[in-house]
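Note: hydrogens, waters and symmetry copies are ignored here, and every other heavy atom, side chains too, is used. Each residue takes its place number in the sequence, starting with 1.
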Amino acid sequence: MNREQVEQNVRAILAANGVDVSRATTRSVFGSPELQLNSVQFMKVFVDLENTFQLEIDYTSAVSDDKRTLGSLIDYLYEQTKQRG
């Protein structure tokens, strides 16, 4: 799976969980108006991501304080899928 496919999947999952991804960029920060999720939505998104990508996400690595953007989440997932082969 290439990075573009990862991004498409992430955006589809966010949209399915109520996020208007048309305004979101890879620089959008979780909690910002573009990526505003309540705690239940946030957890649902990550469960959906784990199911879609068939991996266990380390939340502290995926969205740590210095990696809170959509782009950094996509990069994290892309790297994890590459490592899995």
Side-chain angles (χ1 to χ4, degrees):
M1 182 175 293
N2 64 36
R3 191 180 184 288
E4 185 177 320
Q5 292 168 315
V6 170
E7 182 171 353
Q8 289 171 353
N9 282 317
V10 170
R11 287 179 176 276
I13 289 168
L14 287 168
N17 285 282
V19 175
D20 179 7
V21 293
S22 67
R23 299 180 343 158
T25 69
T26 56
R27 290 184 179 175
S28 296
V29 175
F30 284 96
S32 69
E34 299 89 24
L35 293 176
Q36 195 164 26
L37 298 165
N38 64 37
S39 59
V40 173
Q41 289 171 308
F42 186 81
M43 293 309 296
K44 176 85 171 79
V45 163
F46 276 86
V47 168
D48 291 348
L49 289 170
E50 287 183 336
N51 290 335
T52 298
F53 292 100
Q54 299 177 357
L55 55 89
E56 188 171 323
I57 296 172
D58 177 0
Y59 303 103
T60 57
S61 295
V63 289
S64 62
D65 287 341
D66 62 334
K67 297 179 183 176
R68 296 195 42 174
T69 66
L70 177 58
S72 62
L73 175 61
I74 292 165
D75 291 341
Y76 171 85
L77 292 168
Y78 176 63
E79 289 302 318
Q80 295 301 307
T81 57
K82 270 187 9 183
Q83 288 177 13
R84 192 181 62 211

Enquirer: Using the ring of each side chain (for Trp, its six-membered ring), is Phe46 parallel, tilted or perpendicular to Tyr59, with breaks at 30° and 60°?
Expert: perpendicular
Enquirer: Listed by chain and number, what are the salt bridge (Lys or Arg N to Asp or Glu O under 4.0 Å) partners of Glu7, not counting sequence neighbours?
Expert: Arg3, Arg11
Enquirer: Strictly distance-based, threshold 3.5 Å: is any side-chain N or O of Gln5 a donor or acceptor partner for the main-chain N or O of Asn2?
Expert: yes
Enquirer: Could you tell me the separation between the CG atom of Leu35 and the OG1 atom of Thr25, rounded to the nearest 0.5 Å?
Expert: 8.0 Å
Enquirer: Give the minimum heavy-atom separation between Arg84 and Gln54, together with the two atoms involved.
Expert: NH1-O, 3.1 Å
Enquirer: Backbone N or O of Asn38 within a donor-acceptor pair of the Gln41 side chain at under 3.5 Å?
Expert: yes
Enquirer: Is there a side chain to side chain contact (heavy atoms under 4.5 Å, CB included) between Val10 and Val45 once you walk through the steps?
Expert: CA-CA 9 Å; Val10 170; Val45 163; over 6 Å; no
Enquirer: If you compare all heavy atoms of Phe53 against all heavy atoms of Met1, which two are closest, and at what distance to 0.1 Å?
Expert: CE2-SD, 3.5 Å
Enquirer: Rounded to the nearest 0.5 Å, what separation is found between the OG atom of Ser61 and the CG atom of Leu73?
Expert: 11.5 Å
Enquirer: Report yes if the side chains of Pro33 and Arg23 come closer than 4.5 Å at any heavy-atom pair, otherwise no.
Expert: yes
Enquirer: Tell me the closest heavy-atom pair linking Ile57 and Glu50, and the distance in Å.
Expert: N-OE2, 2.9 Å
Enquirer: Keeping the roles fixed (side chain from Arg68, backbone from Phe30), state whether a donor-acceptor pair exists under 3.5 Å.
Expert: yes
Enquirer: Would you say Leu70 and Val21 are hydrophobically clustered, going by side-chain heavy atoms of ILVMFWY under 4.5 Å?
Expert: yes
Enquirer: How long is the straight-line distance from OG1 of Thr52 back to CD1 of Ile13, given to the nearest 0.5 Å?
Expert: 3.5 Å
Enquirer: With Leu14 as reference, evaluate Asp20, Asn9, Val19, Asp48 under the side-chain contact (heavy atoms from CB on, under 4.5 Å) test and give the passing residue.
Expert: Val19
Enquirer: Just how far is it from atom CG of Leu55 to atom CG of Leu77, taken to the nearest 0.5 Å?
Expert: 6.5 Å
